[in-house]
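Below is one structure, written out as structure tokens; the observations come after it.
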Amino acid sequence: MGKILTIQGSLSPQSRTAEVLARVHDCLTARRVEFDHLDLRTFDLMHCDGRDRAGYNADTQTVCRMIEDAQAYIFGMPVYCWSISGPLKNLIDLSASGMENKVAGILCNAGSPRSFLASADLVKILFYESNVMTVYPIVHTSGEDFEDRKIINPKVNRKIEAMVDGLLGQLDGRTLR
Ligand SMILES: Cc1cc2nc3c(=O)[nH]c(=O)nc-3n(C[C@H](O)[C@H](O)[C@H](O)COP(=O)(O)O)c2cc1C
């Protein structure tokens, strides 16, 4: 089994995306699947400007290595302006070459349920830039799924399980390096 990296793409200290990812971690742990976690709040990432890797600070280089070392990703995507958050886009700009031909699951966390199509932007970016295939279902959450920042909608946990199983199925079917 290849290594899964979960990616938390919100910089908010009160992030709901982080809360959904914590449930993803519960699900992976219950299935005895090893994973690493990348929370963008805990790294001092520089903005991508196209320079060589060696020109970035140590945190940025560490994060790029984490992306390279993983075989699959679970992206926690906060919806900003109908699309992915700036910090998450910056991470992809910095590290897209390390993602090539891998697989990913997505959880897309918005304020409103009407914003669910924002996840299509992430699907498109990953596929066109790095040939990353995303699995379905995508886990969509919005404000009404939470109370005091905890998930209160049991459908969310069922979707998480289905997404994780879809990802594990894709990994099982691959020859891992
Ligand atoms: C700059 C900004 C833009 C946002 N744009 C949208 C949007 O287009 N659609 C939406 O449903 N929610 C939008 N929201 C709400 C966030 O998606 C929501 O607060 C979500 O919980 C953010 O994830 P987080 O709690 O992990 O930070 C926006 C929030 C911010 C701060």
Side-chain angles (χ1 to χ4, degrees), residues 4-30 33 35-49 59-60 62-64 66-67 70 72-96 99 102-130 132 134-164 166-167:
I4 293 177
L5 180 68
T6 65
I7 299 166
Q8 202 291 100
S10 167
L11 300 187
S12 165
Q14 309 294 330
S15 168
R16 290 185 180 127
T17 308
E19 171 61 18
V20 189
L21 263 186
R23 303 288 73 77
V24 169
H25 295 165
D26 291 343
C27 181
L28 291 168
T29 302
V33 176
F35 61 91
D36 289 328
H37 181 48
L38 167 55
D39 187 327
L40 293 189
R41 296 175 296 190
T42 63
F43 288 89
D44 177 24
L45 275 198
M46 290 171 66
H47 281 120
C48 179
D49 61 7
D59 269 12
T60 304
T62 298
V63 163
C64 289
M66 290 172 79
I67 294 287
Y73 312 99
I74 296 177
F75 286 90
M77 166 195 160
V79 174
Y80 277 13
C81 302
W82 307 95
S83 188
I84 72 174
S85 65
L88 187 54
K89 178 63 164 62
N90 183 52
L91 171 72
I92 296 170
D93 292 342
L94 287 164
S95 63
M99 296 182 186
K102 296 176 183 173
V103 289
I106 294 176
L107 56 92
C108 172
N109 177 57
S112 159
R114 289 186 300 276
S115 300
F116 70 95
L117 274 178
S119 59
D121 283 2
L122 183 54
V123 171
K124 181 188 68 179
I125 291 165
L126 293 173
F127 181 65
Y128 282 124
E129 183 59 27
S130 301
V132 168
T134 47
V135 300
Y136 284 83
I138 291 174
V139 180
H140 289 104
T141 52
S142 56
E144 59 208 40
D145 295 319
F146 298 84
E147 203 170 274
D148 296 332
R149 307 215 166 256
K150 296 289 174 204
I151 297 169
I152 55 165
N153 181 354
K155 285 183 187 166
V156 173
N157 286 319
R158 291 201 287 275
K159 270 274 183 78
I160 287 172
E161 288 175 7
M163 181 268 285
V164 166
L167 191 67

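Values in this document were obtained by computation on a predicted structure and should not be read as measured data. Counting starts at 1 for both ligands and their atoms, in listed order. Residue numbers run from 1 in the order of the sequence given. Reckoned from all heavy atoms, side chains included, excluding hydrogens, waters and symmetry mates.
- Protein heavy atoms are found inside the 4.0 Å sphere centred on atom 5 (N) of ligand 1.
- Every atom of ligand 1 is numbered from 1 in the order shown, and the set under 4.0 Å from a heavy atom of S115 is 9 (N), 10 (C), 11 (O).
- Closest protein heavy atom to atom 14 (N) of ligand 1: V79 O, 3.3 Å.
- None of T141, T6, L21 except one satisfies the side-chain contact (heavy atoms from CB on, under 4.5 Å) rule with L107; the exception is L21.
- Atom 12 (N) of ligand 1 has G111 N, 3.1 Å as its closest protein atom, hydrogens excluded (heavy atom only).
- Look at K150 and D148 and you find no salt bridge, because none of the NZ, NE, NH1 or NH2 atoms lies under 4.0 Å from a carboxylate O.
- Scanning the protein for heavy atoms near atom 25 (O) of ligand 1, the closest one is R16 N, 2.9 Å.
- Scanning the protein for heavy atoms near atom 8 (O) of ligand 1, the closest one is W82 N, 2.8 Å.
- For atom 20 (C) of ligand 1, the closest heavy atom belonging to the protein is N109 ND2, 3.4 Å.
- Close contacts between ligand 1 and C81 involve ligand atoms 3 (C), 4 (C), 5 (N), 6 (C), 7 (C), 8 (O) [criterion: under 4.0 Å to a heavy atom].
- Taking atom 27 (O) of ligand 1 as the reference point, the nearest protein heavy-atom neighbour is S10 OG, 2.7 Å.
- Remark: ligand 1 atoms within the under-4.0 Å shell around heavy atoms of S15 are 24 (P), 25 (O), 26 (O).
- Without hydrogens or angle criteria, T60 side chain to M46 main chain gives a donor-acceptor distance under 3.5 Å.
- Within the 4.0 Å heavy-atom criterion, the part of S12 lying near ligand 1 is the side chain and not the backbone.
- Around the CZ atom of F43, the shell of radius 6.0 Å holds more than 12 heavy atoms that belong to other residues, nucleotides or ligands.
- Side-chain atoms of R41 come within 3.5 Å of backbone atoms of S12 as a donor-acceptor pair (strictly under, hydrogens ignored).
- Atoms of ligand 1 found under 4.0 Å from any heavy atom of S112 (numbered from 1 in listed order, with element): 10 (C), 11 (O).
- Shortest non-hydrogen contact noted between P87 and G9 is CB-O, 4.3 Å.
- Under the 30°/60° scheme for interplanar angles, the aromatic rings of H37 and H25 are found to stand perpendicular.
- Crowding of R114 atom CZ: a count of heavy atoms from other residues, nucleotides or ligands under 6.0 Å not exceeding 12.
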